Amino acid sequence: MMIDLRRLALTYQSPDGEIEALRDITFSMEQGEFVSIVGPSGCGKSTLLSLIAGLETPTAGTIEVDGERVIGPSPKIALMPQRDQLFEWRSIRDNVTLGLAVRHQNTPERRAQVWELLERYGLSEFAAKRPSQLSGGMRQRCALIRTLATGPDILLLDEPFSALDYQTRLSVSADIYRIIRQEHKTALLVTHDISEAISMSDRVVVLTHRPGTVRAIHDLGALRTLSPMERRDAPDFRGFFNLIWKELDVNAQ
Ligand code: ADP
Ligand code: MG
């Protein structure tokens, strides 16, 4: 298994007392799999990604990546944050290579690989531009390439499209989907958008209200072979949407 979570729990200690964020989370992911996590706001989705990224320590339970216990950050795993966090005073090229220096990977080979990614995904001609000169969709692509630059096997994406308007979100999510598939990455996407989860992933994990526990796991079956755009028109799409909608129990919030 690429990712193996067993009875994972995390309770935050804060000045106001304890906050139980996650309880008894168990699921695994295979290499190359794309899994989405949906759940109500505040149910511990970002916490779960922080745990897998090795940025938080579980209160109970275990996390294994590629058969090894996660005890801290690892180059195998990259977290793409909610905001693109591009630096305005740096060019696109310098933004995407930023992680290399931090990880002591700033070699000519690595820089050439990053350049190849910029070319393959249509950003090389914007290399000298500043982030503000790019569209929202291109910024997101740029943020993904920066995340890919250090060569991780696993991508953790925390609501990466939430700042984009609806039309842009559709095309950017299709774009990001294609890049993740072509680069053969294992991906875990957090989203509050049920349609987005169904259109991008192989399986959808539904979490309950805080403390987040696994409410259901859906294998999207035949949809898995379709592109995000094709899925939205497929007959199974509505069925999964209604099922997950009920499980999220939106009215109970
Ligand atoms: P989600 O991403 O699903 O919206 P989070 O994982 O961000 O939820 O947060 C889960 C719960 O834990 C929330 O109640 C949040 O306020 C709380 N929380 C998150 N981070 C911390 C922290 N560092 N210290 C204390 N409480 C936190
Ligand atoms: Mg969050």
Side-chain angles (χ1 to χ4, degrees), residues 3-27 29 34-63 65 70-73 77-86 136 139-140 143-144 146-147 152 154-166 169 172-173 176 180 186-201 203-218 241 244-253:
I3 301 179
D4 204 13
L5 310 179
R6 264 174 217 282
R7 311 218 62 174
L8 200 58
L10 186 126
T11 298
Y12 287 109
Q13 308 293 336
S14 80
D16 306 329
E18 295 190 337
I19 297 169
E20 189 182 9
L22 291 170
R23 182 191 288 180
D24 200 16
I25 303 281
T26 299
F27 69 88
M29 286 175 63
F34 197 134
V35 171
S36 289
I37 295 181
V38 296
S41 157
C43 78
K45 302 182 294 299
S46 296
T47 300
L48 185 57
L49 295 192
S50 302
L51 282 166
I52 298 169
L55 303 173
E56 294 278 357
T57 308
T59 315
T62 57
I63 309 164
V65 166
V70 170
I71 47 166
I77 306 172
L79 178 65
M80 182 164 144
Q82 189 157 354
R83 301 252 183 82
D84 63 31
Q85 291 178 4
L86 299 175
R139 290 179 67 118
Q140 218 53 34
L144 180 64
R146 177 167 67 185
T147 311
I154 298 170
L155 297 175
L156 306 174
L157 305 134
D158 197 354
E159 309 207 31
F161 315 120
S162 56
L164 304 172
D165 64 71
Y166 181 71
R169 209 161 71 216
V172 173
S173 60
I176 299 289
I180 290 172
T186 303
L188 186 57
L189 168 79
V190 162
T191 174
H192 58 259
D193 184 328
I194 302 173
S195 299
E196 193 171 281
I198 301 170
S199 66
M200 293 185 77
S201 45
R203 286 187 295 149
V204 179
V205 176
V206 183
L207 297 182
T208 62
H209 289 270
R210 188 170 68 81
T213 57
V214 177
R215 166 94 204 248
I217 301 179
H218 299 284
F241 185 95
I244 295 170
W245 174 265
K246 287 201 191 95
E247 286 167 352
L248 282 175
D249 202 8
V250 180
N251 294 322
Q253 280 184 53

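Please read all numbers here as calculations on a predicted model, not as lab measurements. We count ligands from 1, going down the list as the structure has it; atoms in each ligand are counted the same way.
- With respect to atom 8 (O) of ligand 1, the closest heavy atom belonging to the protein is Gly44 N, 3.2 Å.
- A salt bridge is defined here as a Lys NZ or Arg NE, NH1 or NH2 lying under 4.0 Å from an Asp or Glu carboxylate O, and Glu196 with Arg169 meets this definition.
- For the residue pair Thr47/Tyr12, the side-chain donor-acceptor check at 3.5 Å is satisfied.
- Of the options Ser14, Pro40, Ser46, the smallest heavy-atom separation from atom 7 (O) of ligand 1 is shown by Ser46.
- Taking every heavy atom of both residues into account, Arg210 and Glu20 meet most closely at CG-O, 3.2 Å.
- Between the Mg ion (ligand 2) and Thr47 there is no N/O/S contact shorter than 2.8 Å.
- One N or O on the side chain of Lys45 and one on the backbone of Pro40 form a donor-acceptor pair closer than 3.5 Å.
- Checked against a 3.5 angstrom limit, the closest N/O atoms of Gly42 and ligand 1 fall inside it.
- At least one N or O atom of Thr47, backbone or side chain, sits closer than 3.5 Å to an N or O atom of ligand 1.
- Heavy atoms of Ile19 found under 4.0 angstrom from ligand 1 belong exclusively to the side chain.
- Ser46 and Asp158 are linked by a side-chain donor-acceptor pair at a separation below 3.5 angstrom, with hydrogens and angles left out of the test.
- Under the 4.0 angstrom criterion, atom 15 (C) of ligand 1 counts as lacking any protein heavy-atom contact.
- The line from CD1 of Ile180 to CG of Leu157 is 5.0 Å long, rounded to the nearest 0.5 Å.
- At a distance under 4.0 Å, a protein heavy atom can be found next to atom 3 (O) of ligand 1.
- Between Thr208 and Cys43, the closest heavy-atom pair is O-CB, 3.1 Å.
- In terms of protein heavy-atom proximity, atom 12 (O) of ligand 1 is closest to Tyr12 CE1, 3.5 Å.
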